[in-house]
> 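Encoded as structure tokens, here's the structure I'll be asking about.
In what follows, chains carry the letters A, B, and so on, assigned in the order in which the sequence lines appear, proteins first and then strands, with residues in each chain numbered from 1.
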Amino acid sequence: MSGPKAMGETSEIVRQRIEKLEKLKQEGKKIYQCDFSPQERLVEIREKYGGLESGAATGFMARVAGRVMAFREHGKAIFAEITDGSDTLQLYVNFKKVGAEQFAEFQDIDVGDWLGVEGEVFKTRRGELSIDVQMFILLSKALRPLPEKYHGLRDKETRYRQRYVDLIVNPEVREVFLVRNRVIRAIREFLEARGFLEVETPMLHAIPGGATARPFRTHHNALDIDLYLRIAPELYLKRLIVGGFDKIYELNRNFRNEGMSTRHNPEFTMLELYQAFANYQDLMDLTQELLGYVVEQVKGERRIVYRGQEIDFSGDWERISMIEAIQKYAHIQIHLDLNGEVLRKIASEHKVVPEEGASKGETINQIFEQTVASQLIAPTFILDYPKDISPLARTHAQDERLTERFELFIGGEEIANAFSELIDPIEQRRRFEEQLEARGEAEDRLIDEDFLRALEYGMPPTGGEGIGIDRLIMVLTDSPSIRDVIMFPHLRPEGN
RNA sequence: GGGCCGGUAGCUCAGGUGGUAGAGCACCGGACUUUUAAUCCGGGUGUCGAAGGUUCGAGUCCUUCCCGGCUCACCA
């Protein structure tokens, strides 16, 4: 009755497996040891011998390891499937070949166990590439059963909480994260080839800046001060431009203490890049080339399908101002000369309810987001954002109510945000102050004086851009939720 | 935080109007020496998310709470 429990679980299956484990220990078997080195990955065997004729043997002795995924017992012969992450392969265990003792031991192997195996590669009469097992060794015992082989693991909560199980039984999940790896690798390749230098800046900020989101607060014990997890690296990266680096990027995590949804995770991955002497027009060119390259590397062509719609990344993408986009896509005739009250009325006529005390720019932006954004399936640059919602962007050369800023939309999702940086330290200070005033005292926000001091040393004209990597990967993997492209998405802790 | 939906065996799911908890797969025992979701015979392994309440009796009805999904709001 008594005995060790696996994490307090008492299910029949777990009890049986613990008993098997105890039995093996009593027999003096080594378990959970590390004295077996596979010589081939399973995919290598398939590449070499996949073309073998049915019923043929190779004379090649393979030495492989993998997790048992299925059994088909057949009297004095047992078929099993193992997987090692590269491929799956069938094992054939024959009573005569391995002998009575090993055969009996194999009958105690469970789905989920890790095995080391030696045997000849051959193909069965039915054409299944297999290993004719001569020797096997139990490398690790699974105490918990895997989900059912046919329906697999569907429950989203379990899939996100126990991603390790999701990865074992749902191969398409593994594929999503392989794509994620290739996307990030391709971005680095592209930027490094163009002379961008990857840098790392603080995650712990005394003053959170570079975006308007609410931060996570933490505490430094030795200094006895509160610090914030960064909401953006922007202000530090600009300091580095002041310091003389002309092309830099950072590809890492940001943290924002906001609501969660299918497109928001509290920690998410962002690419931020800065290029001296570039403006936002240059960045649009760069973005087209960068994402075109990434899509090509990952998909082999520049077209993808997202939510049933084809998206083409080749050629030049539409560049249209926010005002014109509202006119074109929502058929709402607005312009910048309208006063706030008229704008508000127009907004409510289109079921857009601006926040209490929303500025003109915020109202226009809300009209855009609620009537236009979701229509922008093909990659589209939306340009020239109102100044009051763009505190870090340079004033537009042709219209000082606007900024030289764009956002990139793909598949109806906002993917990138970029601007010609505001480098005038006096105007930057004024914009910060105006923003503080407009936001009121509810926000415990301070002006980053050291950032302004850096600008006062002189920052060259610079273009800067942020690209939301998780959302980009959602588009490239046709994933409906950001949780599907983050290994361990944030969930409430499990209760008891 | 609001609205809607959901949580039953290891997994995937059934369980009209309240009346002794079910199926398939997995698992356990038996048969079977080239199977492919192997097959055949036998076996149900459960804190019905949690706690209260109504009732002779609750998986089912009521209340509160926990967890998740979708969605709206905040944000990217």
Side-chain angles (χ1 to χ4, degrees), chain A residues 6 9-17 19-20 54-55 57 69-81 88 90-98 103 107-108 110-112 122-130 132 142-162 165 169-170 210-215 231-232 254-272 353 355 365-366 369-370 373 389 407-409 413-417 466-472 474 480-483 489 491-496:
Chain A
E9 295 287 330
T10 51
S11 88
E12 188 62 32
I13 294 175
V14 172
R15 277 200 299 272
Q16 286 162 358
R17 291 194 179 194
E19 276 167 27
K20 283 184 185 175
S54 296
M69 298 302 288
F71 278 105
R72 289 181 286 278
E73 279 198 65
H74 210 89
K76 292 283 189 283
I78 302 173
F79 297 91
E81 275 168 30
T88 64
Q90 178 168 271
L91 303 182
Y92 174 65
V93 182
N94 183 297
F95 182 86
K96 236 176 195 169
K97 188 130 202 161
V98 300
F103 194 81
Q107 286 178 310
D108 267 352
D110 291 300
V111 169
F122 77 110
K123 213 168 212 183
T124 63
R125 294 204 288 254
R126 296 290 184 88
E128 186 71 41
L129 190 65
S130 307
D132 188 2
L143 297 182
R144 293 175 184 268
L146 290 176
E148 186 219 337
K149 59 189 169 184
Y150 189 57
H151 294 96
L153 181 65
R154 294 267 180 76
D155 182 72
K156 286 198 175 167
E157 182 172 357
T158 309
R159 291 182 54 195
Y160 296 145
R161 280 195 201 284
Q162 297 177 243
V165 179
V169 299
N170 293 323
T212 55
R214 290 156 62 201
I231 56 176
N254 289 346
F255 307 85
R256 297 190 182 175
N257 205 339
E258 306 281 356
M260 292 148 60
S261 75
T262 48
R263 44 181 76 76
H264 301 267
N265 196 63
E267 50 182 303
F268 63 102
T269 301
M270 178 95 113
L271 166 69
E272 282 207 12
V353 187
E355 252 181 277
N365 190 44
Q366 283 192 350
E369 282 180 354
Q370 290 178 42
I389 58 168
E407 289 192 348
L408 171 65
F409 288 80
E413 301 284 351
E414 182 190 334
I415 299 295
N417 177 26
I467 298 180
I469 299 302
D470 309 282
R471 288 188 182 170
L472 176 63
M474 283 172 67
S481 170
I482 198 167
R483 298 182 196 97
L491 298 176
R492 276 197 165 84
E494 269 180 289
N496 282 319

> Measure the distance from CG on A/N257 to P on B/rA76 and round it to the nearest whole Å.
13 Å
> Find the partner of B/rG44: check Watson-Crick (N1-N3 plus N6-O4 or O6-N4) and G-U wobble (N1-O2, O6-N3) distances, both under 3.5 Å, and reply none if neither fits.
none
> When you measure from the side chain of A/Q370, which nucleotide among B/rA73, B/rC28, B/rA76 comes out closest?
B/rA73
> Just name whichever nucleotide pairs with B/rC65, Watson-Crick or G-U, keeping both distances under 3.5 Å, else none.
B/rG49
> By nearest nucleotide on RNA chain B, pick out whichever of A/M260 and A/Y160 is the more 5' one.
A/Y160
> Rounding to a whole Å, what distance do you find between A/R263:CZ and B/rA76:P?
14 Å
> Could you tell me the separation between the CZ atom of A/R154 and the C1' atom of B/rC25, rounded to a whole number of Å?
13 Å
> Using a 4.0 Å heavy-atom cut-off to protein, can you give one letter per nucleotide of nucleotides 34-49 of chain B, 5' to 3': B if the base is in contact, S if only the sugar-phosphate is, - if neither?
BBBBB-----------
> What's the shortest heavy-atom distance between A/F268 and A/D470, and which atoms?
CB-OD2, 3.2 Å
> Look at all strands and tell whether A/N417 reaches a base, only sugar-phosphate, or nothing, counting heavy atoms closer than 4.0 Å.
nothing
> In whole Å, what separates the C1' atom of B/rA51 from that of B/rG10?
26 Å
> Mind checking who B/rU35 pairs with, Watson-Crick or G-U wobble, both distances under 3.5 Å?
none
> Supply the atom-to-atom distance A/E19 CD to A/L143 CG, rounded to the nearest 0.5 angstrom.
12.0 Å
> Does a side-chain N or O from A/R17 land closer than 4.0 Å to OP1 or OP2 of B/rA26, or not?
no
> Please determine, for the side chain of A/T262, which listed nucleotide (B/rU12, B/rC70, B/rG10) has the closest atom?
B/rC70
> Once you apply the 3.5 Å cut-off to both distances, tell me the Watson-Crick or G-U wobble partner of B/rG16, or none.
none
> Looking at every strand, decide which applies to A/G152 at a 4.0 Å heavy-atom threshold: base, sugar-phosphate, or nothing.
sugar-phosphate
> Rounding to the closest angstrom, what is the interatomic distance between B/rU54 and B/rU63 at atom C1'?
11 Å
> To the nearest Å, give me how far apart CZ (A/R159) and P (B/rC70) are.
11 Å
> Let me know the distance between NZ of A/K20 and P of B/rC27, rounded to the nearest Å.
9 Å
> A/V165 versus A/P147: any side-chain heavy-atom pair under 4.5 Å?
yes
> Check whether any side-chain N or O of A/T158 sits under 4.0 Å from OP1 or OP2 of B/rG68, and answer yes or no.
no
> So, is A/R144 close to the B/rG10 phosphate, meaning a side-chain N or O under 4.0 Å from OP1 or OP2?
no
> Nearest-Å distance, CZ (A/R471) to P (B/rA76)?
9 Å
> Whole Å only: how far is the NZ atom of A/K156 from the C1' atom of B/rC5?
13 Å
> Just checking A/L491: base, sugar-phosphate only, or nothing, at a heavy-atom cut-off of under 4.0 Å?
sugar-phosphate
> By the 4.0 Å heavy-atom rule, please label A/G259 as base, sugar-phosphate, or nothing.
base
> Measuring only the C1' atom in each nucleotide, how far is B/rG42 from B/rA50? A whole number of Å is fine.
37 Å
> Measure CZ/A/F255 against C1'/B/rA76 and give the value in whole Å, please.
15 Å
> Find which nucleotide of RNA chain B each of A/N265 and A/P480 is nearest to by heavy atoms, and output the residue with the more 5' nucleotide.
A/P480
